[in-house]
Amino acid sequence: MNRLAVELPGLSLKNPIMPASGCFGFGREYAKFYDLSVLGAMMIKATTLDARFGNPTPRVAETPSGMLNAIGLQNPGVDYVLAEELPWLAQYDVPIIANIAGSTVEEYVEVAKRISKAPNVHALELNISCPNVKKGGIAFGTVPEIAAELTRAVKEESAVPVYVKLSPNVTNIVAMAKAVEQAGADGLTMINTLVGMRIDVKTAKPILANGTGGLSGPAIKPIAIRMIYEVSQAVSLPIIGMGGIQSAEDVIEFFYAGASAVAIGTANFIDPYVCPHIIHDLPPLLDELGIQHISECTGRSWNNGQTVYCGT
Amino acid sequence: MNRLAVELPGLSLKNPIMPASGCFGFGREYAKFYDLSVLGAMMIKATTLDARFGNPTPRVAETPSGMLNAIGLQNPGVDYVLAEELPWLAQYDVPIIANIAGSTVEEYVEVAKRISKAPNVHALELNISCPNVKKGGIAFGTVPEIAAELTRAVKEESAVPVYVKLSPNVTNIVAMAKAVEQAGADGLTMINTLVGMRIDVKTAKPILANGTGGLSGPAIKPIAIRMIYEVSQAVSLPIIGMGGIQSAEDVIEFFYAGASAVAIGTANFIDPYVCPHIIHDLPPLLDELGIQHISECTGRSWNNGQTVYCGT
Amino acid sequence: MKENMTIISNRQIATGIYELTLAGSLVQRMHTPGQFVHVKVGDREPLLRRPLSLCDINHEAGECTIIYRAEGAGTTLLSQKLPGDTVDVLGPLGNGFSVSALSSGQRALLVGGGIGVPPLYELAKQLVNKGVFVTIVLGFQTKDVVFYEERFASFGGTYVATVDGSYGMKGFVTDVIQHHALSFHVLYACGPKPMLRALANEFPHQDVYLSLEERMGCGVGACFACVCRVPHSETAYKKVCSDGPVFRAGEVVL
Amino acid sequence: MKENMTIISNRQIATGIYELTLAGSLVQRMHTPGQFVHVKVGDREPLLRRPLSLCDINHEAGECTIIYRAEGAGTTLLSQKLPGDTVDVLGPLGNGFSVSALSSGQRALLVGGGIGVPPLYELAKQLVNKGVFVTIVLGFQTKDVVFYEERFASFGGTYVATVDGSYGMKGFVTDVIQHHALSFHVLYACGPKPMLRALANEFPHQDVYLSLEERMGCGVGACFACVCRVPHSETAYKKVCSDGPVFRAGEVVL
Ligand SMILES: Cc1cc2nc3c(=O)[nH]c(=O)nc-3n(C[C@H](O)[C@H](O)[C@H](O)COP(=O)(O)OP(=O)(O)OC[C@H]3O[C@@H](n4cnc5c(N)ncnc54)[C@H](O)[C@@H]3O)c2cc1C
Ligand SMILES: Cc1cc2nc3c(=O)[nH]c(=O)nc-3n(C[C@H](O)[C@H](O)[C@H](O)COP(=O)(O)OP(=O)(O)OC[C@H]3O[C@@H](n4cnc5c(N)ncnc54)[C@H](O)[C@@H]3O)c2cc1C
Ligand SMILES: Cc1cc2nc3c(=O)[nH]c(=O)nc-3n(C[C@H](O)[C@H](O)[C@H](O)COP(=O)(O)O)c2cc1C
Ligand SMILES: Cc1cc2nc3c(=O)[nH]c(=O)nc-3n(C[C@H](O)[C@H](O)[C@H](O)COP(=O)(O)O)c2cc1C
Ligand code: FES
Ligand code: FES
């Protein structure tokens, strides 16, 4: 038995560790550090219909135990990803979760339709934190009805299961989760970044050229844990958790809160080897905790040790 | 000219530095470390109508660059505060901002009515992050209409200006700010804590007995800055900013974002002398930045150096 | 009340247990056994201070000693500090053990469990200086984490129990007390809550002082993080940091 | 690619400017001037790595040198490290200066501004070793922050300018170049963007290599933090960390 193997809709993971979208490009850079086949899965950078340049620089700023980013969805467009990035990734034994983004429902649907047909794309991750240009720029992920509509539309055209990536910048995360569950989502990924800002004391101007940016890293971990704890008890979808994970202990904390797998974002920048290190550290930690299989950990903070999802 | 003096509704502050509510008790403990009269003002612990014991322990947990607390509004009740704490504080030359809390609009109003008559209470701070027991436990501070109703009711009965303390756990902080502005608030204080959680990897249980708690400290600073930046441009109320401030540089960052004064919470626990230290460090920092008066800093990140509030 | 104290030594004395000696002028303010210091270990991280009991106070040398278990982020970082490094110490804080509860010739029983043992050392020293006869009972999980037995033995009869029986008597401190039928005028204890509870229940009519642990924010009484309930009241409370950490048995709900 | 390198020395060489020498096996991978290392200064905080250019590579000694200005949280913490301490180094990263652009007997002009000076040192060394004639122009804010003038002088004619005129010629590096009518086959420059822009504009038809700075996330090309635009395209870009930091003038929009 592989005690780290996890079964999720569309995904047979040899372990529950995957790099988070936007923090690992399309894998090429980290392939210089280690064999990507060791990863449970890989979430590739948000892909839109057409190539986008993104925001002006500076695009990142440091904060206490965290960082802000305002990359602005820079990516080479879905056709390039299909032609160049996904075929290159096919050399590795790693299922791809394609993170998709757009400015309109139609754009999401079109990207979903095309990218979900790639043989190594096993699931989609809907990045609903993007502004909806048809609804005055309000983010898809902040209004349950809008998120549900988007989920439904993408779900209809996707050839693979659809995970919806929840934004934490909402009053009621449970309402968001329920809305996308009812709209047919196969799973949830959470959390995306919190909107934050830093101002340079010397210039009195925001450090990011874009003004605001998304806060990630250890600073947001307690918020992610709380939201996963709440959502996992309210819906019956599996959750891929993320937000500040740096160690195997953090992974267990996310599982206990209610996650069935996890993604690692910012930590890759601090240590490019962080994913394989965590994968390596998990079995001895399970031993120490007296746990047979990692899936036993899911929801243990609230379900008294019953197994929620099990990958045997 | 006192280059740190700030004038706000109800408050003539010799400097814009004050301890945040709940992080300084009623001042007695820190009075052993320094003369409280050096402070610009003092926000006392949330006071309710009757004495409350609060939550079971553990009530605090550490997080990366932050902490969670679930004190649960422990306080001796408004009559005790009026009889014992406020008269004791009267020996110091420091205006008091009374943080008030409750489970119903009526409770808030009653506390406001009584406590606003104390001679050294110069303003109220409405802690609207409390659950409204008459509305199914939803926090007053998460629904604009409910917050507005509460503000209006308290404003009618208060003998002093009313500042509303905004909760960051909302989708649209600007909508909350506008709602309480229209309801007659004299000022805003922001931000309160973000709801978070930590789970003990050894026991698989939340570290806080209460489960979730409020996240404070440097980790939340970028969120506070972003919210103050947005709100200060959308309303014309003065803002007392807070959330992770540890240094004079942080104070300037809050002013640049749009604050007219600031409060220091968690940092008092790390260094009991932090408030006097910051007050001491501000004038040389203003020199370094070429700034005459601290009020010139308010909103400088968006208003190109025009003075917003000036305390002469 | 706050000083960057200099590390004189910081050495492992049992598995994961460290003895830290600090020098600084703050030592001259330290008098009462059972008081604690609130220690900021890293510059930025970890954020909060760590409460650690005074184990030995040496006014002549201007040094104090603390014994701690390296467990989480803060204490692990502390264990890596070297002589000459400084740590930011706030204290002494809290109300310690009442030495004046006993007079010369009377008998004290000191009971410590695990990392609750350290404050009893300064207590034993002060009691013996006063002419009080002390008996010491120390409980540990296992042999590897036993420390200071010989040092305590220089003050009076010292018994050790381990939960797994790998050293001393197998069992708990209460087993030792019963087995040897130890008697006392005043009992002082510090250790895990179940131990304190057992002692309070065992000696309901005697003079018992207990030192409590609670997670802390401020450490000075301002944040209400560390409260415990007072019997027969819905709202009354005591703060471990400023009213305690030492309480008379019965004073607070355990 | 990642190693805890040992600090051999870390000393202030001008006001706020430090020279750090590191030892480790990573040095054997370092070859190209203009490459940088990504340094994790503290254990937890600050969170992100800091990009710092290689200033001197010594394969025999197994050491490399970096020169940095202690300014923000990370570099200030770095300046407090002592010999024997280790720092976590990722690298070498990026594409450096093309030494092969010149052959023996040709002339190189090296232009550095402030904290852009360090990578030119290894570059000068390698060019001179190859028989290239180098002329060096260094610009600083003021006298107090001038460093390495003599060291550069051992490689070729070295001119210093300060903005306030407190040392060398008053003015900018471009003033020096004009004043002395310095000519070259290849110009290499590193420094603030306005300086690089001025040089690119001054010599539009010559071979000019510029080293850029940008705030970084990953430092390895994965996060798209450090992109710059390519002329005549709405979507094309180069990454400073992995395509650069050295670009040919005209290759990217400055
Ligand atoms: C009055 C008092 C005196 C103490 N004296 C000693 C002593 O002499 N020697 C010793 O080894 N230990 C002592 N402790 C316990 C000691 O404070 C904790 O072991 C220590 O804070 C854990 O820090 P960490 O960095 O290892 O753990 P982490 O898990 O990193 O700590 C995270 C947070 O939880 C708090 N925390 C974790 N465990 C405890 C605990 N058991 N009690 C209180 N807070 C805790 C920490 O202070 C910190 O805020 C005392 C506790 C109190 C309240
Ligand atoms: C390729 C490259 C090579 C460099 N080589 C050197 C060198 O040899 N010597 C030297 O002194 N400096 C060099 N720099 C600049 C150096 O990286 C920054 O001065 C340093 O990161 C600032 O860190 P801090 O802790 O002082 O500042 P903080 O303000 O604490 O930094 C906060 C964040 O902003 C980033 N940042 C701040 N200023 C800069 C900057 N100018 N460039 C890039 N990121 C910045 C930091 O990396 C960090 O992520 C180089 C930069 C790049 C991109
Ligand atoms: C530089 C950067 C770029 C990101 N880009 C994306 C993206 O393209 N799509 C997306 O859904 N999330 C994106 N994220 C969010 C991460 O996938 C992740 O949800 C978040 O950073 C929290 O995890 P962490 O704290 O481990 O980084 C990005 C995060 C960072 C730091
Ligand atoms: C232990 C603790 C208790 C608090 N109690 C209150 C309270 O009673 N009323 C209130 O409005 N805010 C309370 N707060 C929130 C603070 O006043 C402040 O808004 C928040 O902590 C952010 O500031 P900081 O990061 O500087 O701590 C409390 C915070 C802490 C840490
Ligand atoms: S720790 Fe703050 S009151 Fe005791
Ligand atoms: S810093 Fe991440 S791509 Fe350059």
Side-chain angles (χ1 to χ4, degrees), chain A residues 61 63-68 138-139 142-143 167-172 194-206 211-213 215 217-230 244 246 248-257 285 288-289 291 297 300-302 304-305, chain B residues 61 63-68 138-139 142-143 167-172 176 194-206 211-213 215 217-230 244 246 248-250 252-257 285 288-289 291 297 300-302 304-305:
Chain A
T63 73
S65 294
M67 66 175 279
L68 294 169
I138 191 164
T142 55
V143 183
S167 161
N169 302 292
V170 296
T171 309
N172 189 342
L194 285 126
V195 185
M197 181 183 242
R198 280 215 49 202
I199 298 171
D200 189 322
V201 170
K202 283 191 200 121
T203 64
K205 292 285 155 231
T212 62
L215 181 65
I220 70 170
K221 200 182 74 169
I223 298 170
I225 293 287
R226 186 266 295 185
M227 289 187 165
I228 292 169
Y229 178 84
E230 287 177 358
Q246 287 189 303
E249 282 77 13
D250 289 342
V251 172
I252 300 296
E253 193 175 347
F254 273 75
F255 269 73
Y256 284 165
L285 180 57
E288 208 181 304
L289 298 171
I291 291 163
C297 299
R300 197 176 264 229
S301 65
W302 49 265
N304 295 311
Chain B
T63 73
S65 296
M67 66 174 281
L68 295 169
I138 191 165
T142 55
V143 182
S167 160
N169 304 290
V170 296
T171 309
N172 189 342
M176 293 299 312
L194 284 125
V195 185
M197 181 184 241
R198 279 217 47 203
I199 298 172
D200 189 323
V201 170
K202 282 191 200 121
T203 63
K205 293 285 155 231
T212 61
L215 182 65
I220 70 169
K221 199 183 76 169
I223 298 171
I225 293 287
R226 185 264 296 182
M227 289 186 165
I228 293 168
Y229 178 83
E230 287 177 359
Q246 287 189 303
E249 282 77 11
D250 290 341
I252 300 296
E253 194 175 346
F254 273 74
F255 269 73
Y256 283 166
L285 179 57
E288 208 182 304
L289 298 170
I291 291 162
C297 298
R300 198 178 264 229
S301 65
W302 50 264
N304 295 311

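Fair warning: this is a prediction, and the values are worked out from it, not measured in the lab. Chain letters run A, B, ... following the sequence lines, proteins first, then strands; residues in each count from 1.
Heavy atoms closer than 4.5 Å to chain B are found nowhere in Asp250(A), neither backbone nor side chain. Looking at Ile223(A), the atoms closer than 4.5 Å to chain B (heavy atoms on both sides) sit in the backbone and in the side chain alike. Interface residue Thr63(A): only side-chain heavy atoms are found under 4.5 Å from chain B.
The distance from the CG atom of Asn169(B) to the CG atom of Asn172(A) is 11.0 Å, given to the nearest 0.5 Å. Rounding to the nearest 0.5 Å gives a distance of 11.5 Å between CG of Asp200(A) and CD of Glu249(B). In this structure, CD1 on Ile225(B) lies 12.5 Å from CG on Leu215(A), to the nearest 0.5 angstrom. In this structure, CG in Leu194(A) is found 8.0 Å from CZ in Arg226(B), a value given to the nearest 0.5 Å. For the atom pair CD1 of Ile252(A) and CD1 of Ile199(B), the computed distance is 11.5 Å after rounding to the nearest 0.5 Å.
Of the listed residues Ala219(A), Gly213(A), Cys297(A), Pro206(A), the one with more heavy-atom pairs under 4.5 angstrom with chain B than any other is Ala219(A). Counting heavy-atom pairs closer than 4.5 Å to chain A, the top-ranked of the candidates Thr212(B), Val195(B), Leu285(B) is Val195(B). Considering only heavy-atom pairs separated by less than 4.5 Å from chain B, the leading option among Ile220(A), Leu68(A), Val170(A), Leu289(A) is Val170(A). Taking Met227(A), Arg198(A), Gln246(A) one by one and counting their heavy-atom pairs under 4.5 Å with chain B, the maximum is reached by Arg198(A).
Under the side chain to side chain donor-acceptor pair (under 3.5 Å) criterion, Ser301(B) pairs with no residue, sequence neighbours left out.
Between Arg300(A) and Lys205(B), the closest heavy-atom pair is O-NZ, 3.7 Å. Nearest approach of Met197(B) to Glu253(A), heavy atoms of both residues: O-OE2, 4.4 Å.
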